[in-house]
Amino acid sequence: MAVVPALPTVPALPSKQVFRPITGSDEVGLFNRIPYVLNHEVAGDLISGRRRRDWVWVALDDKGQLLARVAWWCRPRDTRPFLLDVFDYLPGHESTGAALLRSALAAVVPKGATPPKYTRFLPPDWRDDPAVRAAVDGRLGVVEQLGARLFVERLRLEWAPESPVPEPSGRLAFRPVAGESELVALLAEILPGTLDAYSLDDLRRMPVRQAAQLQFDDEFVHYTSPRDWWRVATLPGSGEPVGLVIAARNQYRPIIAYIGVPAEHRGRGYIDEILAEGTRVLATTEAERIRASTDVGNTPMAAAFARAGYTVFEREIVMTWD
């Protein structure tokens, strides 16, 4: 197990500043005084168990005013935080934010464990606005000083019902996934040659079959939406699998959780029809929006989403501790 790296000493702070977890749902309003796109989810997350009071921290001045905040998120069945997804501080209080994050990390992450990844949602054009870029760079810089490194930047995409979904062409047939063993086997065929940063990281550390099983165990098994939404694309007549799409619903909304084509079937345009099938599955549930994401560097997949009518509404920066 990786060990939390030694963290640099932060500047001394006035003794009257207080770092602590929130007392409960009664302090959600206090925590939300710094604007961020996840603020509207905090209260519900505390009720559902996706956040826990002792994982939601604030830095307060001697008058009880919020100076900085930090929070972790988890899946309902997790016993440890899954990711750090809120880290903010007021202008001029970068050192307070760094000290708060350091203190909270020491309290929340078990000694000797690797901290969960840090993720930040950003406007699509965040680099074009000097003020936004400076604020983002400041936060990322603090997290980097505490031992994290940039892992990947991702596009967050969204489909709305106004975007048409093509009717099936008949070029491919679709059926539900037969079960875990078929899904894992098909994932093992898709993973070689992937451009996805998470999958590439897994493949650097383990055999492809183990990486496929890990993806099932760590991600797919947690979706509670119907598994007959998971579709295998096959060639009519032979029934040979040529692709996979995992249409699902996460803790908040409908998503295209995964999509891929085995290496020997790439370059034939199958991805457009497979994505259309996943979109159709979710559209029939009267979804107001369908979300998806892909790495900035995965240009073929980003282009496929664009052709299917998905638009970039945000970006996401992910940082990890080794």
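The model shown is predicted, which means the values in this text are computed figures rather than measured ones. FYI, side chains are in, hydrogens and waters are out, and symmetry mates aren't considered; it's all heavy atoms of this structure.
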- Taking only residues two or more places apart in sequence or in another chain, which ones pass salt bridge (Lys or Arg N to Asp or Glu O under 4.0 Å) with R266? none

- Note on the structure: Correct closest heavy-atom pair for P81 and V108 would be CG-CG1, 3.7 Å

- Message: Who clusters with L214? Use side-chain heavy atoms, under 4.5 angstrom, across I, L, V, M, F, W and Y, and order the result by chain and number.
- Response: M206

- Item | Linked, directly or transitively: V143 and L150 (ILVMFWY side chains, under 4.5 Å) | yes

- Residue pair A257 / Y223: nearest heavy atoms and the distance that separates them: CB-OH, 3.5 Å

- Task: Enter the distance from L195:CG to T299:OG1 here, rounded to the nearest 0.5 Å.
- Result: 7.0 Å

- Scan for salt bridge (Lys or Arg N to Asp or Glu O under 4.0 Å) pairs involving residues 217-232, sequence neighbours excluded, and state none if there are none. R231-E277

- Note on the structure: Between the CZ atom in R209 and the CG atom in L191, the distance rounded to the nearest 0.5 Å is 11.0 Å

- Looking at residues at least two apart in the chain, or sitting in another chain, which of them share a ring pair (Phe, Tyr, Trp, His ring centres under 6.0 Å) with F87? Y89

- Students should find that the hydrophobic cluster of Y198, defined by side-chain heavy atoms under 4.5 Å apart, otherwise consists of F151, V152, V318

- Side-chain donor or acceptor of N39 paired with backbone N/O of N32 under 3.5 Å: yes

- In chain order, what residues pass the salt bridge (Lys or Arg N to Asp or Glu O under 4.0 Å) check against D125, with sequence neighbours excluded? none

- Note on the structure: Shortest non-hydrogen pair, L186 vs P262, comes out as CD1-CG, 4.2 Å

- Item | Exercise: do T279 and Y310 side chains pair donor with acceptor under 3.5 Å | yes

- Decide yes or no for L155 and F313: does some side-chain heavy atom of the first lie under 4.5 Å from some side-chain heavy atom of the second? no

- Using the six-membered ring wherever Trp is involved, compare the ring planes of W73 and Y252 and label them parallel, tilted or perpendicular (cut-offs 30° and 60°). tilted

- Minimum side-chain heavy-atom gap L157-M301 below 4.5 Å: no

- Item | Within-4.5 Å side-chain heavy-atom neighbours: K117 and M319 | no

- Query: Can you tell which of R53, R20, R69, R33 makes a salt bridge (charged side-chain N to carboxylate O under 4.0 Å, His left out) with E27?
  - Reply: R20

- Item | salt bridge (Lys or Arg N to Asp or Glu O under 4.0 Å) partners for R171, two or more places apart | E273

- Could you grab the distance from atom CD1 of I290 to atom CD1 of I255, nearest 0.5 Å is fine? 11.0 Å

- Message: Less than 4.5 Å apart, side chain to side chain, heavy atoms only: is that true for R249 and T224?
- Response: no

- Note on the structure: Between W159 and P164 the two heavy atoms that sit nearest each other are NE1-O, 4.3 Å

- Message: Between D201 and R205 (salt bridge meaning N to carboxylate O under 4.0 Å), is one present in this structure?
- Response: yes

- Query: Taking 4.0 angstrom as the limit, do K16 and D61 come out as a salt bridge?
  - Reply: no

- Query: Any side-chain heavy-atom pair from S225 and T285 closer than 4.5 angstrom?
  - Reply: no

- Task: Please examine the side chains of V177 and L244, heavy atoms only from C-beta on, and report whether any two atoms are closer than 4.5 Å.
- Result: yes

- Item | Taking every non-hydrogen atom, the tightest pair across F174 and A233 | CE2-CB, 3.5 Å

- Query: Are the side chains of D85 and Y118 in touch, meaning some heavy atoms are under 4.5 Å apart?
  - Reply: no

- Any salt bridge (Lys or Arg N to Asp or Glu O under 4.0 Å) pairs touching residues 39-50, not counting sequence neighbours? E41-R253, D45-R50, D45-R51

- Any pair counted as salt bridge (Lys or Arg N to Asp or Glu O under 4.0 Å), so long as it reaches residues 298-321, sequence neighbours left out: E153-R315, R156-E314, D272-R307

- Task: State the CD-CG distance between Q215 and L183, to the nearest 0.5 angstrom.
- Result: 8.5 Å

- d(F82 CZ, R77 CZ) to nearest 0.5 Å is 12.0 Å

- Query: Hey, is the main chain of R75 close enough, under 3.5 Å, to the side chain of D78 for a donor-acceptor pair?
  - Reply: yes

- Query: When you measure from the side chain of R280 to the backbone N and O of P166, does any donor-acceptor pair fall under 3.5 Å?
  - Reply: yes

- Item | Reported CD-to-CG distance for the pair E180 and L187, which is rounded to 0.5 angstrom | 10.5 Å

- Closest non-hydrogen atom pair, T194 against L200: O-CD2, 3.4 Å

- Query: Can you list every salt bridge (Lys or Arg N to Asp or Glu O under 4.0 Å) pair that touches residues 291-304, not counting sequence neighbours?
  - Reply: R154-D295, E158-R291

- Message: Keeping D196 on the side-chain end and S199 on the backbone end, is there a donor-acceptor pair under 3.5 Å?
- Response: yes

- Check whether any side-chain heavy atom of I259 lies under 4.5 Å from a side-chain heavy atom of I246, and answer yes or no. no

- ILVMFWY clustering at 4.5 Å (side-chain atoms), partners of V42: I22, V28, L30, F31, I34, Y36, V37, L38, L46, V56, V58, L60, L66, L67, V86, L90, F121

- ring-ring contact (aromatic ring centres under 6.0 Å, His included) contacts in which one or both residues fall within residues 256-304, not counting sequence neighbours: F220-Y258

